[in-house]
Amino acid sequence: MRRSSHSALFWGLVLATGLASTAEANAEPTWAHSLRPDGSTIDWALDMPAGAGKHGLIVIAQGSGCLPVAQNHNIMSVRQAFAGFAALTVEKYGIAPDAEIADPDRSCPSAYHAHNTATQRVADYRQVLGELSDAPWWNGTLVLFGGSMGGTVMARLAPNVDADAAILLSTGGGVTFEEMILQTVPEEVRPMLAAQFDEIRSHPDSLELWSGYSFRFWADSIDRREVDDMLKTDAPLLLVQGGRDDSAPVGTARATADLFAAAGLSNLTYWEYPGYDHGMTDQQGLSHMDEVIEDVASWLDNVTKRQR
């Protein structure tokens, strides 16, 4: 386990910067469909690496909002950095791959609002992974990757699948979702938000929207800590946090690292980029997400070599 206040350059991981540029270009993803138990459709895509033979599989989970996967730049960056893996992406409930979303935070479909929860997303990933379990191209290696709310989903998924590693960006995890949100607002506003969360707890299945999401969405997460799921897996975990993150404050990630240490567990690696915010952007407004993802790819390469 590692906590660092030093820069990524100090870690010596910048040698991975050639990963995306030297990888062979992959073919277009192949879309497929599965039926949920309620009869609705799960749209998912499989992007296979160039070349024949067996490959590992990386699940790449998008964060919040209802933007389709193909329109998410960060998903594409992750896919490039892990070009040697087959990549699985899954659309959220109610989102079609070709959906035209004017505002991914404010103009989402009603089906999305009615069913999009972290629990539902975990169920969707588990179902698709189950359907792929006998795929002839899969060598058995499974990696989970998610940022922000996608990290929350991957943290919950990790103990439910036989993952070889899980990578969580800007996820925090060491306090409940409610506590994390309360830390992001001025102290005088916190009683009002706490009262709102109590109202949500009183109506956990309501489709009423608050702050862009249904009560059902909020009720599914406000009392949960990602670390409680992370502690249930012995897979190597990488938690990456920006020191200037004002959505998942850095203290919530440090709390996760502390809880792993208190439990005597050594399967968590924790990195802190002091100058970056929730989206890995520095104080000058320059995004470093691509470099961070390349650093992460180097970490995974080292983990994979140790597991051989």
Are any side-chain N or O atoms of Thr256 and backbone N or O atoms of Gly172, one a donor and one an acceptor, separated by less than 3.5 Å? yes

Shared ILVMFWY cluster between Val240 and Ile75, side chains joined below 4.5 angstrom?
yes

**Prompt:** Is it true that the side chains of Glu131 and Ser34 contain a donor and an acceptor less than 3.5 Å apart?
**Reply:** yes

Exactly one of Asn116, Asp124, Thr41, Asp38 clears side-chain hydrogen bond (donor to acceptor under 3.5 Å, both in side chains) with Tyr93, and that residue is Asp38

ask   = Between Glu91 and Arg121, is the closest basic N to carboxylate O distance under 4.0 Å?
value = no

Is any NZ, NE, NH1 or NH2 atom of the basic residue among Arg224 and Asp229 found under 4.0 Å from an Asp or Glu carboxylate oxygen of the other? yes

Taking atom CG of Asp162 as the centre, report whether more than 12 heavy atoms of other residues, nucleotides or ligands fall under 6.0 Å from it. no

Next item on the list: Assert yes or no for the condition that the ring centre distance of His288 to Tyr276 is strictly below 6.0 Å.
Entry: yes

Check your understanding: Is Glu179 salt-bridged to Arg225, cutoff N-O under 4.0 Å?
Key -> no

Please indicate whether Arg106 has more than 12 foreign heavy atoms, meaning atoms of other residues, nucleotides or ligands, lying under 6.0 Å from its CZ. no

Would you please classify the geometry between the Trp271 ring and the Tyr273 ring as parallel, tilted or perpendicular, with 30° and 60° separating the classes? perpendicular

| said: Under 3.5 Å, is there a donor on one side chain and an acceptor on the other for Asp223 and Thr176? | reply: no

Any donor-acceptor N/O pair, Ser133 side chain to Leu129 backbone, under 3.5 Å
no

_Is the distance from the ring center of Trp44 to that of Tyr125 below 6.0 Å?_
no

Item to complete: Check whether the side chains of Asp246 and Thr184 place a donor and an acceptor atom closer than 3.5 Å, and report yes or no.
Response: no

